[in-house]
Number of protein chains: 2
Amino acid sequence: MSTLGYALLSLLARGPATGYELTRLMKTPIGHFWVAQHSQIYPELARLAEIGHVVVREDAGPGPRAKKTYTITESGREALTRWLPQPPAVVPRSEIGLKAYAVRSADAGEMAALYEAIAAEAAGKVAAYRQELDQMSDDPDDPRFGNYAVLKLGVVSHQGMCEWATWLATRLRQVGSPT
Amino acid sequence: MSTLGYALLSLLARGPATGYELTRLMKTPIGHFWVAQHSQIYPELARLAEIGHVVVREDAGPGPRAKKTYTITESGREALTRWLPQPPAVVPRSEIGLKAYAVRSADAGEMAALYEAIAAEAAGKVAAYRQELDQMSDDPDDPRFGNYAVLKLGVVSHQGMCEWATWLATRLRQVGSPT
DNA sequence: ATTTTCATGTAATCTGTTACATGATTAC
DNA sequence: GTAATCATGTAACAGATTACATGAAAAT
């Protein structure tokens, strides 16, 4: 099973949904940490149905095809429950970090401007996530506690990014200047 | 050009190297933010040579094939310099964040243990990176300043992860307990 | 003797993105 | 009437992983 499969099971564990709805649900808050297009989601749902982790109900759809509502099965819930406590795979892919390594291969002023922009964007996200968090319950027994945890990770991630990018921009502004 | 191509150019901007050496060089510190296997690196180097961003020199190798040393060209440097100040693409893929969303679909105690392990690992990395940073120059005019910047990003990232995972583990230990 | 390091490649597979394709209903 | 939303799919391509393949030299 692919990670996307588990992402979909995570959403379906909260209630039945169509592929279209899952595409929207993937955007927030999961999308802050795992993105997927509908072209990837539809075939994955078919695979989940094939192995019995979800069941499908077909109704008349608005377009030429039937609308399909997916419901997680007991086997799907078990698979999710077994997957969750396992050590997560970390595959680092951050262009920001990569560019930092080569920072001296470009103009210092231009790179400072880049990191200032990155810092500003990160600060904006921190503020937005914080505002959302303020309206939510931080009770771990709340069924929506997962949303709270994800947003909180978003806050610390972007907070750190903002601090680092600000530091780097400041340092780059000093390039060529006397000590 | 793919991101990996620019990653290789970033390394070659510091000096000529073979594919084998680049495979090792990708591991640290770049590898903390962008990983690549040799099976991906060798064909990418061939592509870079084809478009003239690097030149190859062949020498007798230890095995059945010639050893190839790659040197960045002026065109390669220019491509790198143009790429660096552009806004980096951010493609979120973090299993840790994904699992946080579904945290209530597994046993709270088991998940608490997971986040405690994640926090411990992150703390270890913070300590290791800090030790390395202490022996390095934070002068932005230093040619190895990029290494410093990357490690510093590693510190803030894992620092944030550690704090968050500790908070989450603590919260999960409260599940089912009275307020 | 055996394992590790040096050194390069290909093939099969999996994952993910972009683009193409269809068509009803609702809102403006 | 035009655009957005609802709703599902496929095809072509790009990017990345795992496994297969070869062989010398150096270290244990």
Side-chain angles (χ1 to χ4, degrees), chain A residues 1-9 11-12 16-27 30-31 33-51 54 56-70 83 88-95 98, chain B residues 1-9 11-12 16-27 30-31 33-51 54 56-70 83 88-95 98:
Chain A
M1 278 240 346
S2 70
T3 305
L4 176 62
Y6 291 109
L8 295 173
L9 288 181
L11 288 166
L12 291 170
T18 65
Y20 185 84
E21 286 166 338
L22 288 167
T23 303
R24 264 189 313 123
L25 288 167
M26 276 299 290
K27 278 177 192 157
I30 291 189
F33 295 99
W34 202 273
V35 291
Q37 314 298 319
H38 80 273
S39 59
Q40 215 188 339
I41 291 170
Y42 286 114
E44 188 63 38
L45 285 168
R47 249 168 273 148
L48 288 174
E50 224 177 289
I51 59 176
V54 299
V56 200
R57 197 195 57 210
E58 298 195 16
D59 295 291
R65 293 186 200 82
K67 168 172 146 175
K68 297 181 179 176
T69 304
Y70 294 88
W83 174 73
V90 178
V91 183
R93 297 225 173 267
S94 156
E95 264 192 32
L98 185 51
Chain B
M1 280 236 350
S2 71
T3 305
L4 176 61
Y6 290 108
L8 296 174
L9 288 181
L11 288 167
L12 291 171
T18 65
Y20 185 84
E21 286 167 336
L22 289 166
T23 303
R24 264 190 314 124
L25 288 167
M26 277 298 293
K27 279 178 191 155
I30 292 189
F33 295 98
W34 201 276
V35 291
Q37 314 298 319
H38 81 273
S39 59
Q40 215 188 339
I41 291 169
Y42 286 114
E44 188 63 38
L45 284 169
R47 249 169 273 147
L48 289 174
E50 223 177 291
I51 58 177
V54 299
V56 200
R57 197 195 58 210
E58 298 196 16
D59 295 290
R65 293 187 200 82
K67 169 173 147 174
K68 295 182 180 175
T69 304
Y70 295 87
W83 175 73
V90 178
V91 183
R93 298 226 172 267
S94 157
E95 264 192 33
L98 186 51

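We name chains A, B, ... by the order of the sequence lines, and we start the count at 1 in each one.
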Enquirer: Looking at side-chain heavy atoms only, is the closest gap between A:Gln37 and A:Thr23 below 4.5 Å?
Expert: no
Enquirer: Residues two or more places apart in sequence or in another chain: which of them pass side-chain hydrogen bond (donor to acceptor under 3.5 Å, both in side chains) with B:Gln40?
Expert: none
Enquirer: The helix from C:dA1-D:dT28 to C:dC28-D:dG1: angle between its terminal axes, five pairs each, to 10°?
Expert: 40°
Enquirer: Can you tell me how far P of D:dA16 sits from CG of B:Leu8, to the nearest Å?
Expert: 11 Å
Enquirer: How long is the line joining CG of A:Leu45 and C1' of D:dT10, in whole Å?
Expert: 15 Å
Enquirer: Can you confirm whether B:Glu95 sits close enough to A:Val90 that some side-chain heavy atom of one is under 4.5 Å from a side-chain heavy atom of the other?
Expert: no
Enquirer: Check whether any side-chain N or O of A:Arg93 sits under 4.0 Å from OP1 or OP2 of D:dT17, and answer yes or no.
Expert: yes
Enquirer: Which salt bridge (charged side-chain N to carboxylate O under 4.0 Å, His left out) pairs, counting each pair once, include a residue from residues 35-47 of chain A, with sequence neighbours left out?
Expert: A:Glu44-A:Arg47
Enquirer: ring-ring contact (aromatic ring centres under 6.0 Å, His included) with A:Phe33: which residues, sequence neighbours excluded?
Expert: none
Enquirer: For a 4.5 angstrom cut-off between non-hydrogen side-chain atoms, does A:Glu21 reach A:Leu11?
Expert: no
Enquirer: Side-chain contact test, heavy atoms from C-beta onward, threshold under 4.5 Å: evaluate it for A:Thr18 versus A:Lys68 and give yes or no.
Expert: no
Enquirer: Can you name the ring-ring contact (aromatic ring centres under 6.0 Å, His included) partners of B:Tyr20, sequence neighbours left out?
Expert: none
Enquirer: Rounded to the nearest angstrom, tell me the gap between atom CG in A:Asp59 and atom P in D:dC6.
Expert: 17 Å
Enquirer: Round to a whole Å and report the spacing from CD of B:Glu44 to P of D:dG15.
Expert: 8 Å
Enquirer: Assign a letter to each nucleotide of nucleotides 1-10 of chain C from its 5' end: B, base within under 4.0 Å of a protein heavy atom; S, sugar-phosphate only; -, no contact.
Expert: ----SBBBBB
Enquirer: Just how far, in rounded Å, is P of D:dC6 from CG of A:Leu25?
Expert: 12 Å
Enquirer: Which residue, A:Gln37 or A:Arg47, contacts DNA chain C at a nucleotide closer to its 5' end, judged by nearest heavy atom?
Expert: A:Arg47
